[in-house]
Amino acid sequence: ILCMTFDAWNWRPEHSIALTRVCKRWYHLVMSTSAFWSHISSERNARIAQGTLGRNHGGALIFNLDESYYAKQLATERAAVLRLALTQVHRWKTFFFLGGYREGLFANIGRGASALEELFVDLTEPADLGQVLRLSDGQVIRYLSLSGIGFDWSSSRLSGLWSLTLDTIELGPSLAQFHSILSSSNLLRVLHLEHVKSGDSLPLSMSSIRLPFLTDIYLRFISDSLLSFLISHIETSACTSIVTDEINFSLYPRALTLASNAIRSASYLQVQSNGRLKTTRIETRPGPMVRRFSGGAGYPGAFILVKGARLDEVLLNIVDALTSGRVDPTVLVHVSPFAEHEDPTFVGAQ
């Protein structure tokens, strides 16, 4: 029970040391449990890393390597910690990386990190198109968060994701690969795509993707084909947070279905219609917020942009969603500017 009460990602050796001082029983429990000695970080020196490894007793490891401009330790000290960690790369369960592309490091991880289940890589400068992460056979990846670097999207280790976060990816999965990855990840909870390029066109025949536990959807600055594919194929009744790029009105009913939980539970709903641009924005208050890098669930809400829709059509669909809701929200409708020669009285009637 004690081992289940802490967040392993943010646990530090000094926290474990504090627990050993509670009583003799806790001392023996903490000192004999690998989970309390799993975190190795470049923010601490090699002596602390060595002590952590000595108490870990062959258990899973979490390695945090910060090589950014703001890294706390000197480069020589970080290198010493890295050398220690790489001797146990086969036991890494979690890897956090912030810095520039490191070909040798990523090659070592690709060959040896067979136990890796949680991978978070945030490059300070995007990698070249040919520079991608490749992992040999091993455990299925549960959490994948990549920024600035591609991946071997055909890898069998992407067949059971719980969270997928991709940002600034020049060579993202094809639509067929997205379909394969998502279809085999029925426990997926978070889908966050931002500045992801997937250049192929929509396949002619693709089955629906049932994701019963998907709570967070964030789709911004992605291609129209990818956006259309995801909105039209994903099915979930668990979504509580959704943010999308501008979608055609033909996809609006599908997007509204995905956002129905967020809309029904909102205390404040804002609908903004721009007559000249022929766009409508639907936003709940408080607005949605996704925890981008950690892959965890964000705050509930909805933010949807619709183009080519009449305001009355949008509002009627929203009313249908609200009638089965749990609260009576305040709904603010804002129309400005009007389209050329449009009668404000007619808009008001809509």
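For clarity, every value in this text was computed on a predicted model and none was experimentally measured. Atom set for the values below is all heavy atoms of this structure, side chains included, hydrogens, waters and symmetry mates excluded.
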Does any non-hydrogen side-chain atom of [Y] lie less than 4.5 Å from one of [X]?
X	Y	value
Ser38	Asn56	yes
Leu258	Thr244	no
Leu191	Leu182	yes
His39	Asn64	yes
Ser198	Leu175	yes
Phe97	Arg102	yes
Ile141	Leu135	yes
Leu305	Lys307	no

Of the non-hydrogen atoms in [X] and [Y], which two are nearest, and what is the gap between them?
X	Y	result
Trp153	Ile181	O-CD1, 3.8 Å
Ile48	Asn45	N-OD1, 2.9 Å
Ser32	His28	OG-O, 2.7 Å
Ser68	Thr124	CB-CG2, 4.3 Å
Gly150	Ile169	CA-CG2, 4.4 Å
Ser159	Ser185	C-OG, 4.0 Å

Salt bridge flag under 4.0 Å for residues Glu118 and Arg142: no
Inter- and intrachain pairs under salt bridge (charged side-chain N to carboxylate O under 4.0 Å, His left out), touching residues 15-30, at least two apart: none
Gap separating the [atom1] atom of [X] from the [atom2] atom of [Y], nearest 0.5 angstrom:
X	Y	atom1	atom2	answer
Arg157	Ser136	CZ	OG	6.0 Å
Arg83	Arg78	CZ	CZ	12.5 Å
Asp167	Ser145	CG	OG	8.0 Å
Ile40	Leu53	CD1	CG	3.5 Å
Ile234	Thr257	CD1	OG1	13.0 Å
Phe36	Met31	CZ	CE	12.0 Å

Can you tell me if [atom1] on [X] sees more than 12 non-hydrogen neighbours from other groups inside 6.0 Å?
X	atom1	value
Asp224	CG	no
Glu14	CD	yes
Phe221	CZ	yes

Identify every side-chain donor-acceptor pair in residues 206-214 under 3.5 Å, counting partners at least two apart or on other chains, and give the distances.
unit_1, atom_1, unit_2, atom_2, d
Ser207, OG, His179, NE2, 3.3
Ser208, OG, Glu235, OE2, 3.2

Indicate if [X] and [Y] have the same hydrophobic cluster label, given that clusters are the connected sets of ILVMFWY residues with side-chain heavy-atom separations under 4.5 angstrom.
X	Y	value
Val271	Leu316	no
Leu123	Leu116	yes
Phe151	Leu98	no
Val132	Phe120	no
Tyr101	Leu82	yes

Could you tell me whether the side chain of Asn261 and the main chain of Cys239 form a donor-acceptor pair under 3.5 Å? yes
Would you say the side-chain atoms of Thr284 pair up with the backbone N or O of Ile263, donor to acceptor, closer than 3.5 Å?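 Here the side-chain-to-backbone pair does not exist.
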Hits for side chain to side chain donor-acceptor pair (under 3.5 Å) against Ser16, two or more places apart or cross-chain, chain-then-number order -> Trp11
Using side-chain contact (heavy atoms from CB on, under 4.5 Å), reason through Leu219 and Ile231 one step at a time and then give a plain yes or no. CA-CA 9 Å; Leu219 308 173; Ile231 294 294; 4.0 Å; yes
Would you call the rings of Phe229 and His233 parallel, tilted or perpendicular if under 30° counts as parallel and over 60° as perpendicular? tilted
Evaluate the ring planes of Trp92 and Phe63, with Trp represented by its six-membered ring, and classify them as parallel (under 30°), tilted (30 to 60°) or perpendicular (over 60°). tilted
Phe96: which of Leu119, Ile62, Leu65 passes side-chain contact (heavy atoms from CB on, under 4.5 Å): Ile62
Can you tell me which residue among Asp122, Leu133, Thr168 is in a side-chain contact (heavy atoms from CB on, under 4.5 Å) with Ile149? Leu133
Applying side-chain contact (heavy atoms from CB on, under 4.5 Å) to Leu269 and Ile318, what does each step give before you reach the verdict? CA-CA 10 Å; Leu269 186 66; Ile318 290 174; 3.5 Å; yes
